[in-house]
Amino acid sequence: MDRKEFLSAIGVSAAAFTVMNCLACSKSSDGSSSGNSVSGPTGVDFTLDLTATANAALLTDGGYMATSGVIVAKTTAGAYIAVQQSCTHESYPLTYQGSSQQFYCNNHGSAFTEAGVVKNSPASRNLTVYHTTLTNNSLRVYS
Ligand code: FES
């Protein structure tokens, strides 16, 4: 059963479901307007040992990991990139989708290019991007 069939079965139209979703995300719990102000961490400067098991995802093109509020990814072209982990909409943790060359938010569907630029709303603010430098097996990530 797909999403449309499920909603139909419980008597909710797709349009009504969309409205419910929008109502749920338009206000935060304190009643203020929602998101689009989430910045990445500042003063970032850490080094990842690519020979460590914990960082093994970064040995594969399209792999990624998150640490210290930063997503570090290896693109399908083999380049290392790093952006803030939190979606700029409402702070949900992003994932990296190497095959689509984007960062993606499962919460409301925002997507960002590998350069951190908004591709799909509701996010309207670009991601904070960090520098990466690879020296032998050490990957430095920094502001
Ligand atoms: S938290 Fe809403 S799109 Fe990411």
Side-chain angles (χ1 to χ4, degrees), residues 1-50 52-134 137-143:
M1 176 180 293
D2 67 19
R3 181 176 172 167
K4 186 177 179 181
E5 291 169 340
F6 172 75
L7 292 174
S8 178
I10 63 171
V12 178
S13 72
F17 185 73
T18 301
V19 169
M20 288 188 301
N21 272 350
C22 288
L23 290 173
C25 70
S26 63
K27 297 284 185 182
S28 63
S29 59
D30 65 0
S32 62
S33 296
S34 65
N36 282 314
S37 61
V38 181
S39 299
T42 58
V44 168
D45 193 351
F46 59 84
T47 300
L48 299 172
D49 177 357
L50 298 184
T53 303
N55 303 325
L58 296 177
L59 298 177
T60 303
D61 291 352
Y64 77 98
M65 61 175 291
T67 184
S68 304
V70 176
I71 286 189
V72 183
K74 187 176 186 187
T75 69
T76 54
Y80 287 105
I81 56 177
V83 300
Q84 71 183 76
Q85 182 183 12
S86 297
C87 180
T88 59
H89 181 226
E90 290 183 351
S91 297
Y92 198 81
L94 299 172
T95 60
Y96 174 65
Q97 298 175 327
S99 58
S100 301
Q101 300 178 316
Q102 67 181 11
F103 295 95
Y104 183 74
C105 180
N106 285 308
N107 202 16
H108 307 115
S110 288
F112 305 83
T113 69
E114 290 179 334
V117 176
V118 174
K119 284 174 70 177
N120 295 336
S121 62
S124 61
R125 187 180 156 284
N126 296 338
L127 299 172
T128 300
V129 178
Y130 302 97
H131 303 287
T132 61
T133 301
L134 180 65
N137 288 315
S138 295
L139 180 65
R140 182 182 175 210
V141 180
Y142 57 102
S143 297

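Just follow the structure's listing: the first ligand is 1, and inside any ligand the first atom is 1.
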| said: Please give me the minimum heavy-atom distance between Asn126 and Val118, naming the atom from each residue. | reply: OD1-N, 2.9 Å
| request: Go through the side-chain N and O atoms of Gln102 and Gln97 and say whether any donor and acceptor fall under 3.5 Å apart. | output: yes
| Criterion side chain to side chain contact (heavy atoms under 4.5 Å, CB included) against Tyr80, the qualifying member of Lys74, Arg140, His131 | Lys74
| query | Parallel, tilted or perpendicular: which fits the ring planes of Tyr96 and Phe103, with parallel below 30° and perpendicular above 60°? | reply | tilted
| remark: Distance filter < 2.8 Å from atom 4 (Fe) of ligand 1, protein N/O/S hits 2
| request: Would you tell me whether Tyr92 and Ser110 have side-chain atoms, one donor and one acceptor, within less than 3.5 Å of each other? | output: no
| task | State whether the side chain of Asn120 and the backbone N or O of Ala111 hold a donor-acceptor pair below 3.5 Å, judged by distance alone. | result | no
